[in-house]
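First the proteins, then the strands, lettered A, B, ... as listed; each starts at 1. On a predicted model such as this, the values are computed, not experimentally measured, just so you know.
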Amino acid sequence: MIEVNGNDINSEKMKSELLTLNMGPQHPATHGVLRVEIKTDSEIVAEAIPHIGYLHRCFEKHAENIDYRGVIPFVDRMDYLSAMTMEWGYVLGVEKMLGTEVPRRAQYIRTIIAEMQRVASHLLFFGVYAIDLGAFSPFLYAFEEREKILRLFEEVSGARLLYNYIWIGGVWNDLSDSQLNRIKALCDHIETEIDKYHSLVGENSIFIGRTANVAVISEEMAYSYGATGATLRGSGIDWDLRKKRPYGIYDELDFDVPLGTGEKGQLGDCWDRYDVRMREMKESIKIIRQCLDGIEEGPIMGKVSKIIKVPEGEIYTRIESSRGEIGYHLISDGGKKPYRLKVKSSCFTHVSMLPDLAPGQMIADFVATIGSIDIVLGEVDR
Amino acid sequence: MSSLTPDLSTLSNKDNTSFEELTVGGWFRNVWKAVSSCFKGMAITGRYIVAVKPVTIEYPEVKEELPENSRSRLFNDVDNCIACMQCADACPVDCIYIAATRRDKEAPKIKTDDGTPIRLDLKQYTIDTALCCYCGLCTEACPTESLSHTKDFEFAQYTLSEMKYDYLAEDVRAWKHRLVK
C-alpha cells in the first residue's frame, strides 16, 4: 500500500472533482462575448452553461423611444454581420402596417443586397470556423473576398457594416449600371473561389476528422429547440422562409434549399452545417444572377410621408437571415414611435442548444460546436 | 475512480468513419490520406504565394481613398445652416445640439447658397462625434445640404471632450476649404 503523508491512498479517500473552466467572454472561439461555464473532467466536458448578456444594449426598450426611421440604425447593430437582412425584416413589418407599396426596382435591389450579405456572412463563418479548428490561411482568403463585397456596400450605402440602407418604402441609394456589372463579375469570381475554399478546407481529412460526427443535432432535437437557418437545414429539415413563406420577390426566383446529407458522418453533425452554408452561398449567387437579369428600371422609394405614423395594431414579420429566422413583433399605438418591438432571435435558440450538445465532448470539439452554429452575440443579447 | 467521469463510449466522434482502423496497412493509409489532402491545400497556398498580389493596405504610409458615399466625420457648413432643427430631430442618439435666436428685422437679409432665407442666427451648433452613430439620417433630413458626411476618417482624440465639435469655431469652419464633398 502506498502511503502519502501517512494516509492510505485507496478508493475510499480518493475522489475526483469536476474542474470549472470559464470559456470567454474574451475567448476568440466564442465569437463575441459569450461566456460558457464548462465543468470538465480532464479533457471531457461534463456540463456547459452559457452565460449571455454581455452585449445587452436594451434595444427593445430603446426602440420605444425613437421614431420608426431611427430604429433602423439600431437594428443594424444587432446582427452586425448580416445587417442588411436585419433591416429588411424590420422594414417589412412597418411597410405592411403602413400599406406601402415597394417599387419593383427596390425589391430587386433589396434581394441582391441581402443575398450578397448572406454570402459575406457565410464567408466570415467559413474563415472563422477554419480558425477555430486551427487553420489560419482560409480566414485570410475568405476575408479578401468578403472585403470586396463590403467595399461595394460601402460605395452603395456609405458604411461597411452598419448600413442604414434599406429604408421604409424602398432603399436609400440606387445601384448604378457599373455597380451592377461589378456585382456580376464578383459573383463569377466568388463562385470559383467557393469551390477552391471547399477543396481547401471541407475536403481536408483533418477538418473532416474534427467536424464529422461531432455535435450531432438530430431532427427531433432541432425541432424541439426551434432551431432555424443552416442549423436546422444541416439536420436535413427542409425549411427555408424564402421558399416556404416568400417575402419580397423570392417567390419569382428559382433556387434550391441545400440540406444536410450526412455525407461524412451522421446527419446533422458539424460538417453538415458547414456544408449547408457553403452550398447556400452558391444558391445566393444563383439568386443574385437572376435578379441582375430581371432588374427593372424605375423609382427606388415608394410613397412614404415625411413623418411616419403607423396605424394602430400589431404585426409579426419574419425573415430568413444569414443565421436563421429573425422575427419582429411590432405593436403600434398609432404614434410616431413603436409601442413595443420584440425581436425573436435565431442565435438565442441555437445558444440554448449548447448545454444539450456539450456533455461528453472533448473541449476542442466544443469549440467546433460553438463555431458550427455560427452565433452573433449582438443578436442573442439584443 | 469516481462515477463523475463520463463514459468514454459516449464520446461523439468515437466511431469516426474518416479514419481507418489501426492496422499496419490502415496506419499508412491514414498517413497517406492526411498528407495528400494537406498537399491539396498546399497547392492553393502555393498559388497565393506566387500568383495573387497582396491586398493589404499599409495604412499609415498608404491611405485608402474612401468611396464618395462614405459616411465619416460630420461637417456642417454654418453659413448655409438655417437652424431648422430637422437634423437634431432625426438623430436617433440625440447628439446634435443647436441654439439659435431670431434674427433682427433691421439686420441685412442673408441667404444660403441655394437661396433659402436665413431667419435665425445660429448661436451654437455642436455635434458630439463620440456619440454619433454615423447613420446618415441627419444629412438626409437637411434641407439646405449644409450638413454632410465627409470622407475624413482620421479624427481619434485623447479625451472624449475633444470629440465635441463646435462648428461655429474658427478652426472647425476652416475645414470647409480643406474637405471636399
message: Contact between B:Leu137 and A:Pro73 at the side-chain level, heavy atoms closer than 4.5 Å - yes or no?
response: yes

- prompt: Does the side chain of B:Gln86 reach to within under 4.5 Å of the side chain of A:Lys306, using non-hydrogen atoms?
  reply: yes

- prompt: Are the side chain of B:Asn69 and the backbone of A:Ser157 linked by a donor-acceptor contact shorter than 3.5 Å?
  reply: no

query: Can you tell me if CD on B:Glu64 sees more than 12 non-hydrogen neighbours from other groups inside 6.0 Å?
result: yes

message: I want to check something: taking the side chain as every heavy atom from C-beta on, are B:Pro67 and A:Arg151 in contact at a cut-off of under 4.5 Å?
response: yes

task: Supply the atom-to-atom distance A:Glu155 CD to B:Leu66 CG, rounded to the nearest 0.5 angstrom.
output: 10.5 Å

message: Counting only heavy atoms not in B:Arg119 (residues, nucleotides, ligands), do more than 12 fall under 6.0 Å from its CZ?
response: no

- prompt: What do you reckon, is OH of B:Tyr59 surrounded by more than 12 foreign heavy atoms closer than 6.0 Å?
  reply: yes

statement: In terms of heavy-atom pairs under 4.5 Å with chain B, the winner among A:Glu147, A:Glu203, A:His62, A:Arg77 is A:Arg77

Shortest non-hydrogen separation from A:Tyr141 to B:Thr45 and the atoms involved: OH-CA, 3.5 Å

message: Is it the case that atom CD in B:Gln124 sees more than 12 heavy atoms from other parts of the structure closer than 6.0 Å?
response: yes

message: Is it the case that atom CG in A:Leu140 sees more than 12 heavy atoms from other parts of the structure closer than 6.0 Å?
response: yes

Region of A:Val156 that comes under 4.5 Å of a non-hydrogen atom in chain B: backbone

From OH (B:Tyr48) to NZ (A:Lys196), nearest 0.5 Å: 3.5 Å

field: CZ/B:Phe153: more than 12 non-hydrogen atoms of other groups inside 6.0 Å
entry: yes

field: Proximity breakdown for A:Glu154 and chain B, heavy-atom pairs closer than 4.5 Å
entry: both

message: Between A:Tyr165 and chain B, with a heavy-atom cut-off of 4.5 Å, which part of the residue counts as in contact: side chain, backbone, both or neither?
response: neither

query: Are A:Trp172 and B:Glu140 close enough that a side-chain donor and a side-chain acceptor fall under 3.5 Å?
result: yes

field: Minimum-distance pair of heavy atoms, taken over all atoms of B:Arg71 and A:Asn164
entry: NH2-CB, 4.1 Å

Proximity breakdown for A:Asp76 and chain B, heavy-atom pairs closer than 4.5 Å: neither

- request: Name the region of A:Ile66, side chain, backbone, both or neither, that has any atom closer than 4.5 Å to a heavy atom of chain B.
  value: side chain

